Amino acid sequence: MGKVAVGADNFLYPMPMVLVGANVGGKPNFLAVAFFSAIQMKPPVLAVSLNKIRYTNDGIKENKTFSVNIPSVELMEAVDYCGINSGKKVDKSGIFETFYGKLETAPMIKNCPVCMECRLIETADIVTDNIVFVGDVVETYTDDQYLTGGVLDLIKTNPFLFSVRDKKYISIGERIGGAWEAGKNYK
Ligand SMILES: Cc1cc2nc3c(=O)[nH]c(=O)nc-3n(C[C@H](O)[C@H](O)[C@H](O)COP(=O)(O)O)c2cc1C
C-alpha cells in the first residue's frame, strides 16, 4: 500500500498549551499559545511564535521580557478565553492573580503550576505571519505540591495539549518508559 499525500501540513503531535504573558501599557496581558518550544536545555532558552497582529507583542517589545505559564486542565476555559479574546478589545488584566519575579515586568499567573520568566534575547521576523520571540529563562516558579523529591513532576502539574487538526484540548497520558533507557537493549 502506498502513502497518501495530504498536502503540506505541519501535523505536529499535540502541542503543549501555554499562556504567554507580557505587560502592555503597564497592565498584564495573556494569550493562549500552542506554537511554543524549548530550543536549548542548559542554560534554558524558549521560543514562542506569535502572529504579528497580537496585542501581547507590543508588551514584549516594550519591556524585552515575557512569561510562559503552564496551566493545568482546571484552567482550560480561562486559557481558551485568552485564545479567543484579544487585549485590543478586552481587558484581560484581571482574569488571573499575577505576580512578578526578578525581571519585574513579566507578569506570571499564581495558579499556574509552572511559570517561566524570560528575558527577550532575539526577535526573529523570518516567516510571513508570525514573529518568533526567543527568551532566556531567568527563573522558573512553582509550588511545593508540584514537586517530587524537589523536582518538578509533570504528572502532578496536570498540563494539557492542543490537538491541531481536530481543534481539541487533550490531557496527557501515562509514563510509558525511560528515555535514554527504553532503547538500550533494542536490536
Ligand atoms: C488553542 C489555541 C492556540 C493558539 N496558539 C497561538 C499561537 O501559538 N500563536 C499565536 O500568535 N496565537 C495563538 N492563538 C491565538 C491567540 O491566543 C489569540 O489570538 C489571542 O486572542 C491573542 O491575544 P492578544 O491579542 O491579547 O495578544 C491560539 C489560540 C488558541 C485557542
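Just so you know, ligand 1 is whichever comes first in the structure, and atom 1 is the first atom listed for that ligand. Since this is a predicted model, take the numbers as computed values, not measurements.
The shortest heavy-atom distance from Lys167 to ligand 1 is not under 4.0 Å. In this structure, Phe30 does not count as a contact residue of ligand 1, since none of its heavy atoms falls inside 4.0 Å of the ligand.
Annotation: Ala34 places an N or O atom under 3.5 Å from an N or O atom of ligand 1; distance criterion only. Polar contact with ligand 1: absent for Leu50 (N/O pair, distance under 3.5 Å). Residue Asn51 places at least one N or O, backbone or side chain, under 3.5 Å from an N or O of ligand 1.
Among protein heavy atoms, the minimum distance from atom 27 (O) of ligand 1 is reached at Thr56 OG1, 2.5 Å. Gly83 O, 3.3 Å is the protein heavy atom nearest to atom 18 (C) of ligand 1. Among protein heavy atoms, atom 31 (C) of ligand 1 sits closest to Tyr169 OH, 3.6 Å. What sits closest to atom 4 (C) of ligand 1 on the protein, heavy atoms only, is Ala32 O, 3.4 Å. At the top of the distance list for atom 15 (C) of ligand 1, counting protein heavy atoms only, stands Arg54 NH2, 3.6 Å. Closest protein heavy atom to atom 21 (O) of ligand 1: Asn85 O, 3.0 Å.
Comparing Phe35, Tyr55, Phe36 by heavy-atom distance to atom 24 (P) of ligand 1, the nearest is Tyr55. Around atom 20 (C) of ligand 1, the closest heavy atom drawn from Cys82, Ser86, Ala22 belongs to Cys82.
Proximity to Met17 (heavy-atom distance under 4.0 Å) selects the following atoms of ligand 1: 1 (C), 2 (C), 3 (C). The distance from ligand 1 to the heavy atoms of Gly87 drops below 4.0 Å at these ligand atoms: 24 (P), 25 (O), 26 (O). Distances below 4.0 Å separate heavy atoms of Ser49 from the following atoms of ligand 1: 7 (C), 8 (O), 9 (N), 10 (C), 11 (O).
Taking a cutoff of 4.0 Å between a charged side-chain nitrogen and a carboxylate oxygen, Lys27 and Asp91 qualify as a salt bridge. Taking 4.0 Å as the cut-off between side-chain N and carboxylate O, Asp153 and Arg175 count as a salt-bridged pair.
Minimum interatomic distance between Ala32 and Val79 (heavy atoms only, all atoms of both residues): CB-O, 3.5 Å.
Checking Asn69 against Ser67 by side-chain atom types alone, a donor-acceptor pair falls below 3.5 Å. A donor and an acceptor atom, one from each side chain of Asn158 and Tyr146, are nowhere located under 3.5 Å apart. Judged purely by distance below 3.5 Å, without hydrogens or angles, the side chains of Thr123 and Lys61 never pair a donor atom with an acceptor atom.
Of all the heavy atoms of Phe162, the ones lying under 4.0 Å from any atom of ligand 1 belong exclusively to the side chain. At a heavy-atom distance under 4.0 Å, only side-chain atoms of Lys92, from C-beta outward, approach ligand 1. For Asn29, every heavy-atom contact with ligand 1 shorter than 4.0 Å involves the side chain, none the backbone.
Contact check for Met17 versus Pro159: no side-chain heavy atoms found under the 4.5 Å cut-off. A 4.5 Å side-chain heavy-atom check between Val164 and Leu12 finds every atom pair outside the cut-off.
Following chains of ILVMFWY side-chain contacts shorter than 4.5 Å, one cannot reach Leu75 starting from Phe99, and the two form parts of different hydrophobic clusters. Linking Ile, Leu, Val, Met, Phe, Trp and Tyr residues whenever their side-chain heavy atoms come within less than 4.5 Å places Ile109 and Met76 in a single cluster.
Between Phe30 and Phe96, the angle of the ring planes goes over 60°, which puts this pair in the perpendicular group of the 30/60° scheme. Taking the six-membered ring for Trp and thresholds of 30 and 60 degrees, Tyr169 and Phe162 have ring planes inclined between 30 and 60 degrees apart.
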